[in-house]
Amino acid sequence: MSLDALNKRVETDLSYLSFRKPTEAQPIIPKNGHLYDVIIVGGGQSGLGTAFGLLRERVSNILVIDENRSGLEGPWETYARMITLRTPKNLTSIDLGIPSLTFQAWWEAQFGSEGWEALDKIPRGDWMNYLRWYRSILNLPVANEIKLTLIEPTETGIHRLHIEGNGASCPTLMARKVILATGIQGGGEWHVPPMISEKLPLHLYSHTSQTIDFTGLKNKKLLF
Ligand SMILES: Cc1cc2nc3c(=O)[nH]c(=O)nc-3n(C[C@H](O)[C@H](O)[C@H](O)COP(=O)(O)OP(=O)(O)OC[C@H]3O[C@@H](n4cnc5c(N)ncnc54)[C@H](O)[C@@H]3O)c2cc1C
């Protein structure tokens with residue numbers, strides 16, 4: 001089965017469930033002054049899977065925002081540097097029980113069942129490509145380059161989300177419910193302990209979240 005054939009299969013499977021994809025064309029521009037039923041903060045795998053879950057439940061007045069550029073959500077092609085995922089390849093995830101939406105279906109559409117047998121762990125770039133495909137085939141309403149800075153409760157129980165970034169076409173968004181799918185970055189700001197940041201010049205250390213010039217480390221010793 002080719003990727004085109006798989007895409008058609010997904011469409012067919014979803015039609016059996018009477019699932020209608022949002023028709024709004026990409027890119028998604030947040031609507032100024034609009035009251036969303038749900039805003040999901042974070043367009044990594046949790047945010048995408050949650051958006052699909054809500055759409056399947058016919059909750060369609062939703063928006064996903066992510067601070068990163070499109071296709072660079074989560075750690076996979078930024079600060080994660082391992083070759084493969086640790087997770088075994090056959091653990092299913094955000095397919096929500098639809099076989100044609102699984103990583104295996106996506107992989108086999110390109111490399112066949114022999115390719116699946118030959119695969120050990122999932123290379124992280126391929127996992128990111130799968131997430132890009134998932135978002136695209138489901139036409140999920142994700143708006144990129146929008147960072148949530150504050151959730152302000154209002155007297156009516158509605159949440160006012162303060163946002164910034166290149167994709168923020170307005171300073172605030174309104175939502176009845178807010179789902180935080182902010183991953184590791186949601187735990188707080190990246191941080192370098194003072195014993196390093198106050199003692200070493202910038203060129204002698206890097207935080208794992210930064211772009212690291214590994215060529216500059218050639219022939220150098222790393223001390224832990
Ligand atoms: C090196 C490394 C290896 C890993 N290996 C595995 C593995 O093998 N298997 C596994 O299951 N997990 C692994 N993980 C964990 C991995 O982070 C999670 O499984 C996965 O990314 C969680 O998805 P998520 O959608 O919850 O969060 P993320 O993928 O982190 O997505 C959250 C998104 O929210 C965005 N965001 C955060 N705050 C805001 C804000 N204020 N405004 C707008 N956007 C915001 C973030 O930028 C990000 O794009 C690994 C993590 C790292 C760092």
Side-chain angles (χ1 to χ4, degrees), residues 7 10-76 92-103 128 130-188:
N7 292 345
V10 172
E11 302 261 352
T12 307
D13 286 351
L14 293 178
S15 74
Y16 293 156
L17 297 168
S18 300
F19 176 83
R20 296 279 173 267
K21 295 190 293 186
T23 49
E24 195 169 352
Q26 300 276 8
I28 303 290
I29 312 285
K31 296 178 196 143
N32 191 11
H34 179 79
L35 176 58
Y36 290 94
D37 286 333
V38 182
I39 291 183
I40 300 165
V41 185
Q45 59 205 51
S46 301
L48 297 180
T50 305
F52 178 46
L54 286 171
L55 290 169
R56 275 193 66 180
E57 297 297 324
R58 315 295 187 255
V59 181
S60 57
N61 177 25
I62 65 170
L63 177 70
V64 183
I65 60 171
D66 194 287
E67 63 191 333
N68 296 292
R69 283 187 286 125
S70 179
L72 289 179
E73 302 83 3
W76 309 115
T92 54
S93 62
I94 52 176
D95 48 86
L96 304 193
I98 298 175
S100 55
L101 278 177
T102 55
F103 180 86
M128 188 70 235
Y130 165 70
L131 295 179
R132 291 174 182 134
W133 170 78
Y134 178 95
R135 167 182 171 173
S136 159
I137 191 70
L138 294 171
N139 198 11
L140 297 175
V142 185
N144 283 91
E145 298 185 57
I146 300 179
K147 179 172 180 154
L148 170 76
T149 55
L150 178 73
I151 303 177
E152 181 190 347
T154 68
E155 285 172 3
T156 54
I158 288 163
H159 307 283
R160 182 180 290 117
L161 278 66
H162 294 248
I163 54 171
E164 62 182 31
N166 291 338
S169 49
C170 43
T172 57
L173 296 170
M174 305 298 284
R176 291 193 170 88
K177 304 275 182 201
V178 180
I179 296 176
L180 296 180
T182 46
I184 293 174
Q185 280 150 279

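Residues Ile98 and Val10 are not in side-chain contact: their nearest non-hydrogen atoms beyond the backbone lie 4.5 Å or more apart. Contact of the Ile39 side chain with the Leu148 side chain is not registered, since no non-hydrogen atoms from C-beta on lie closer than 4.5 Å. Two residues are said to be in side-chain contact when any heavy atoms from C-beta on lie closer than 4.5 Å; Val41 and Ile151 fail this criterion. Contact annotation: the side chain of His34 approaches that of Asn61 to within less than 4.5 Å [non-hydrogen atoms, C-beta and beyond]. Side-chain contact check for Glu73 versus Met128: some heavy-atom pair is nearer than 4.5 Å. With contacts defined as side-chain heavy-atom distances shorter than 4.5 Å, the pair Pro75/Ile184 does not qualify. When side chains are defined from C-beta on, Phe103 does not count as touching Leu131, because their heavy atoms never get closer than 4.5 Å. Under the 4.5 Å side-chain criterion, counting only non-hydrogen atoms from C-beta, Leu138 is in contact with Leu14.
Counting non-hydrogen atoms of other residues, nucleotides and ligands closer than 6.0 Å to CD of Glu57 gives a total of 12 or fewer. The environment of Arg176 atom CZ is dense: over 12 non-hydrogen atoms of other residues, nucleotides or ligands sit within 6.0 angstrom.
How far CG of Leu140 is from CZ of Phe52: 8.0 Å, rounded to the nearest 0.5 Å. Put simply, CG on Asp66 and CG on Asn68 are 4.5 Å apart, with the number rounded to the nearest 0.5 Å. With rounding to the nearest 0.5 Å, the separation of OG in Ser46 from CD1 in Ile40 is 10.0 Å. Atom CD1 of Ile163 is separated from atom OG1 of Thr172 by 7.0 Å, given to the nearest 0.5 angstrom. Rounded to the nearest 0.5 Å, atoms CG (Leu63) and CD1 (Ile146) are 6.5 Å apart. To the nearest 0.5 Å, atoms CG (Leu173) and CG (Leu35) are separated by 11.0 Å.
Heavy-atom minimum distance, Gly49 versus Leu96: O-CD1, 4.0 Å. When all heavy atoms of Gly43 and Leu48 are compared, the pair lying nearest together is O-CG, 3.5 Å. The minimum heavy-atom distance linking Arg56 with Arg58 is given by the pair O-NH1, 2.7 Å. Of all heavy-atom pairs spanning Tyr36 and Lys31, the tightest one is OH-N, 2.9 Å. The shortest non-hydrogen separation linking Pro30 to Gly167 is CD-O, 4.2 Å. Pro99 approaches Gly97 most closely through the heavy-atom pair CD-O, 3.3 Å.
Counting only distance, with no hydrogens or angles, the side chain of Thr149 and the backbone of His162 share a donor-acceptor pair below 3.5 Å. The backbone N or O of Ser70 lies less than 3.5 Å from no partner atom in the side chain of Arg135, so there is not a single donor-acceptor pair. Listed for the Asp37 side chain is no donor-acceptor partner under 3.5 Å among the backbone atoms of Ile62. Distance alone, capped at 3.5 Å, places no donor-acceptor pair between the Arg160 side chain and the Glu152 backbone.
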Practice task
Could you go through the side chain to side chain contact (heavy atoms under 4.5 Å, CB included) check for Ile179 and Leu54 one step at a time?
Solution key: CA-CA 11 Å; Ile179 296 176; Leu54 286 171; 4.2 Å; yes
Exercise for the section: Please test Lys147 against Asn166 for side chain to side chain contact (heavy atoms under 4.5 Å, CB included), starting from the C-alpha separation and ending with a verdict. Expected result: CA-CA 9 Å; Lys147 179 172 180 154; Asn166 291 338; over 6 Å; no
Handout entry: Working for side chain to side chain contact (heavy atoms under 4.5 Å, CB included), residues Ile137 and Leu101
Key = CA-CA 9 Å; Ile137 191 70; Leu101 278 177; 4.1 Å; yes
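Taking the six-membered ring where tryptophan is involved, the planes of Tyr134 and Tyr130 are tilted, since the angle between them lies from 30° to 60°.
Just one of Asp95, Asp13, Asn7 meets the side chain to side chain donor-acceptor pair (under 3.5 Å) condition when paired with Ser100; it is Asp13.
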